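First up is the structure itself, then whatever we jot down about it.
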Amino acid sequence: MSRIYTLSRPSRRSSGIDYRGALNDEQYEAVTSPPGPCLVIAGAGSGKTRTLTYRVAWLIDQGLLPSRILLLTFTNKAAREMLERVSSLVPQDLTSLWGGTFHHVGHRILRTHPREAGLEQGFTILDRDDAQEVLTSLYSRLEINAKDKRFPRPSVALEIISYSENTNRAITELCEKEFSFLAEFVEPLIRIQSQYRQRKYEINAVDYDDLLTLPLKILKQNPLLAERYQFQFQAILVDEFQDTNAVQSQFIDYLAAHHRHLMVVGDDAQSIYSWRGARFENILSFPERYPDARIFRIRTNYRSVPEILSLANMSIAANTRQFPKELRAVKPSGNMPVLVPAADPHQQANFVCQRIIELQNEGYNLSEMAVLYRAHSHAIELQLELTKRNIPFVITSGIQFFQQAHVKDLAAHLRIAINPADEIAFLRVASLVPGIGATTAQKLFSTLKTGKSWHLANPPKKSATVWVRLATLISQLRQETSVKLKPAPAAIAQDSTTQVELPPEEMINVILETYYCDVLQLRYDNASQRLEDLRQLRDYSRQFASTSEFLAQLTLLTGVELARPSNAPADADTLRLTTVHQAKGLEWKIVFLIHLADGLFPLARSTQECDSLEEERRLFYVAVTRAQDQLYLTYPIIRLSRGQFSLDPIQRKSRFIEEIPHHLMEQWQIEPPRPDWSNTTAAPHSLNSTTSAIKSPPKQYLEDHCSDPAPNYDEPF
DNA sequence: TATGAACACGTTTTT
DNA sequence: CGTGTTCATA
């Protein structure tokens with residue numbers, strides 16, 4: 001085990017990093033620890049990423065080849081940032097380093113050995129929508145829910161199945177416990193699960209979960225293959241370990257089985273993904289699985305002022321299921337966190353905008369500020385207000401670029417080209433032909449499945465012309481040789497499955513220019529906009545060697561990352577709006593946390609169970625620890641009823657705020673709008689009155705002292 | 001197959 | 001109240 005450092009000499013290409021000077025004692029210990037299992041508990045803002053990146057640099061400095069390092073992260077962003085930072089530290093080329101999300105790494109293994117997993121080359125990755133479609137088609141085939149309206153919808157069933165896969169727990173067990181409301185449907189759900197599995201093989205496709213479970217499975221079934229990877233990865237590093245689920249944890253353990261050189265980094269207080277199977281208990285059980293593990297704790301917080309940290313520490317202390325630890329501040333004393341009650345979401349948005357402008361005048365950039373919230377829907381009013389005031393912002397939206405119809409259409413064409421079994425993609429593409437609907441498309445597919453040429457299938461008469469165009473397009477994409485050909489080299493000609501594949505860029509070009517642009521014109525009013533999107537996508541595809549790589553990237557990358565080029569220029573000064581989940585790992589000088597009303601944050605559904613309430617509290621903890629200098633906590637007292645008239649529109653402030661001692665916050669009060677500025681008829685809480693508040697000058701708008709008792713909105717009745 | 005009317009339902013969080 | 005889904009009909 002100790003041998004790995006002697007593989008090559010660190011002498012010539014050493015980075016010359018002064019590790020002692022660049023790291024504090026706690027970090028230094030972890031970074032320079034000898035090979036072997038080790039657990040790093042790193043609190044928020046304690047330089048977790050720094051520790052990991054320096055560790056990678058250290059390993060490389062010790063002579064480890066980048067190709068023999070595996071760095072697992074949860075988001076693409078984290079992977080990219082870490083690799084960039086390592087790159088800037090060491091002279092070596094890092095392209096051979098295996099760094100990426102679990103899904104990417106799983107995909108890479110699967111793509112290398114598809115046969116072992118029962119897949120064909122060119123297999124499709126189903127995103128959530130695709131998976132749901134597969135289930136829907138199963139439903140109609142099984143005629144399960146023809147009668148019973150209460151039978152879980154495909155989306156719900158998918159959630160259970162996914163949870164079952166990720167936690168390694170049987171549906172039966174899940175329905176007994178967490179999903180007791182589904183107890184009566186256990187039998188059919190189990191059947192659906194197995195049918196779903198089988199169906200995915202039939203259409204040569206995998207879903208997100210398979211990207212983890214299948215690689216693990218084929219490694220376990222092929223010891224020789226497993227050894228290859230177990231030997232290859234001389235060092236494995238895992239970021240955000242508290243968010244790993246059962247499968248991921250096994251995956252890591254399995255890959256690390258030979259060298260046992262594994263560093264996992266995490267913070268149980270920041271575990272916020274249990275809803276998709278993450279268990280922060282993985283941290284707790286790590287020393288049990290690796291009795292010789294070294295444990296490091298990094299508690300010094302460089303990010304936030306002590307006032308913010310006190311609030312964070314105090315809040316998380318309310319959790320019972322945790323490993324207590326306090327963050328130590330090193331920053332000098334700064335501003336107190338500010339609590340701001342607002343009358344309603346509009347006033348709240350108003351306040352945020354107003355304050356942002358003031359801070360800008362004080363010299364802060366927009367890019368140094370962020371607005372965080374629990375759910376995307378909480379940001380609507382703010383978006384309106386920001387737009388109205390011309391404050392540029394980027395929103396890490398829940399809507400994925402990939403989920404837009406035209407992008408999915410394009411992807412579907414590509415999928416058919418490389419995976420003829422992809423029924424989901426076929427149905428989508430065929431239904432774009434006028435005159436062909438779900439049933440006809442289904443029929444067409446079953447004739448094509450027998451190996452028949454597209455040209456010989458017989459669609460309805462009125463669809464014939466377009467169908468011929470489509471058929472021609474597909475054979476062009478597949479390089480079917482009927483049209484034009486250079487004689488293929490003998491070696492290739494023998495194996496009919498080995499086709500010389502068109503690069504993705506050319507495929508897209510053909511699809512767009514000869515066929516799909518017409519479809520766009522017919523179906524969408526903003527066709528040119530969408531065509532422009534797709535042309536950009538074509539340019540983006542240039543960097544991928546194969547279409548399957550490109551498609552995988554499209555499915556595994558979040559919309560945010562893909563949408564960047566089409567958004568405002570990257571160097572523009574913009575405000576960031578984001579959910580707390582997506583904010584994890586990021587930091588800003590100034591953070592606004594809005595909609596802190598009980599029922600919204602924590603969400604009403606989470607307040608029933610103790611576990612989920614604690615997770616909400618960890619989410620709150622993550623949110624407040626994003627702030628470096630200033631933290632604003634706001635909540636609206638009434639909710640603008642969007643239809644839910646049965647619900648009480650009056651809201652309490654979040655229990656997470658109640659839990660925090662008063663003296664840890666400063667309370668600001670928004671001045672009610674002056675009567676002579678508002679419409680005479682306007683009610684106190686109406687839109688009109690809040691609109692008038694926009695015009696109020698900043699200093700009158702806000703009252704900066706907490707000496708005035710806040711109006712007591714807590715007992716409205 | 002495509003359309004409109006009736007009807008239910010009410011928004012987590014993401015690879 | 002607005003959106004998405006289902007059902008009946010041309």
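On a predicted model such as this, the values are computed, not experimentally measured, just so you know. Within every chain, numbering begins at 1; the chains are lettered A, B, ... in the order of the sequence lines, protein sequences first and strands thereafter.
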Worksheet item: Is the NZ or CZ atom of R279(A) both under 6.0 Å from the centre of the six-membered ring of Y273(A) and within 45° of that ring's axis?
Response: no
Fill in: Whole-angstrom distance between dT14(B) and dT3(C), as gauged at atom P
22 Å
Item to complete: Please report, rounded to the nearest Å, how far the P atom of dT12(B) is from the CG atom of L372(A).
Response: 19 Å
Worksheet item: Among dT15(B), dT14(B), dT1(B), which is the nearest nucleotide to the side chain of T101(A)?
Response: dT15(B)
Worksheet item: Quantified in whole Å, what is the C1' atom distance between nucleotide dT13(B) and nucleotide dG2(C)?
Response: 23 Å
Discussion item. Which residues pass the salt bridge (charged side-chain N to carboxylate O under 4.0 Å, His left out) test with E587(A), not counting sequence neighbours?
Written reply: R303(A)
Worksheet item: Could you state the CD-C1' distance from E159(A) to dT15(B), rounded to the nearest angstrom?
Response: 15 Å
Discussion item. I want to verify a distance call: between dT12(B), dT1(B), dT15(B), whose nearest atom is closest to the R374(A) side chain?
Written reply: dT12(B)
Worksheet, complete the sentence: On DNA chain B, more 5' by nearest nucleotide between R276(A) and P434(A) is P434(A)
Discussion item. Output the rounded distance in Å from CG (N166(A)) to C1' (dT15(B)).
Written reply: 10 Å
Discussion item. By the side-chain hydrogen bond (donor to acceptor under 3.5 Å, both in side chains) test, which pairs, at least two apart or in different chains, include something from residues 123-133 of chain A?
Written reply: T124(A)-N419(A), T124(A)-D422(A), D127(A)-K408(A), D130(A)-K408(A), D130(A)-R415(A)
Discussion item. Output the rounded distance in Å from CG (L600(A)) to P (dG10(B)).
Written reply: 16 Å
Discussion item. Quick check with a 6.0 Å cut-off and a 45 degree axis cone: is R626(A) positioned over the face of W588(A)'s six-membered ring?
Written reply: no
Discussion item. When you compare the side chains of Q242(A) and E240(A), does any donor N or O come within less than 3.5 Å of an acceptor on the partner?
Written reply: yes
Worksheet item: Base, sugar-phosphate, or nothing for F74(A), non-hydrogen atoms under 4.0 angstrom?
Response: sugar-phosphate
Worksheet item: With respect to the side chain of T440(A), which nucleotide from dT13(B), dT12(B), dT1(B) is positioned closest?
Response: dT1(B)
Discussion item. Can you measure H378(A) atom NE2 to dT12(B) atom P for me and round it to whole angstrom units?
Written reply: 9 Å
Discussion item. With a 4.0 Å cutoff (strictly under), does any side-chain N or O of Q582(A) reach OP1 or OP2 of dT13(B)?
Written reply: no
Item to complete: Nearest whole angstrom, please: distance from the P of dT11(B) to the CZ of F601(A).
Response: 17 Å
Discussion item. Can you tell me if Y273(A) is stacked onto the base of dT13(B), using a 5.5 Å centroid cut-off and an angle below 30°?
Written reply: no
Worksheet entry | Side chain of T579(A) (C-beta onward), nearest among dT1(B), dT15(B), dT13(B) | dT13(B)
Item to complete: Nearest whole angstrom, please: distance from the C1' of dT1(B) to the CD of Q442(A).
Response: 16 Å
Worksheet item: Taking only side-chain nitrogens and oxygens of R153(A), does any of them come within less than 4.0 Å of OP1 or OP2 of dT6(C)?
Response: yes
Worksheet item: Quick one: H581(A) NE2 to dT12(B) P, roughly how many Å, whole number?
Response: 12 Å
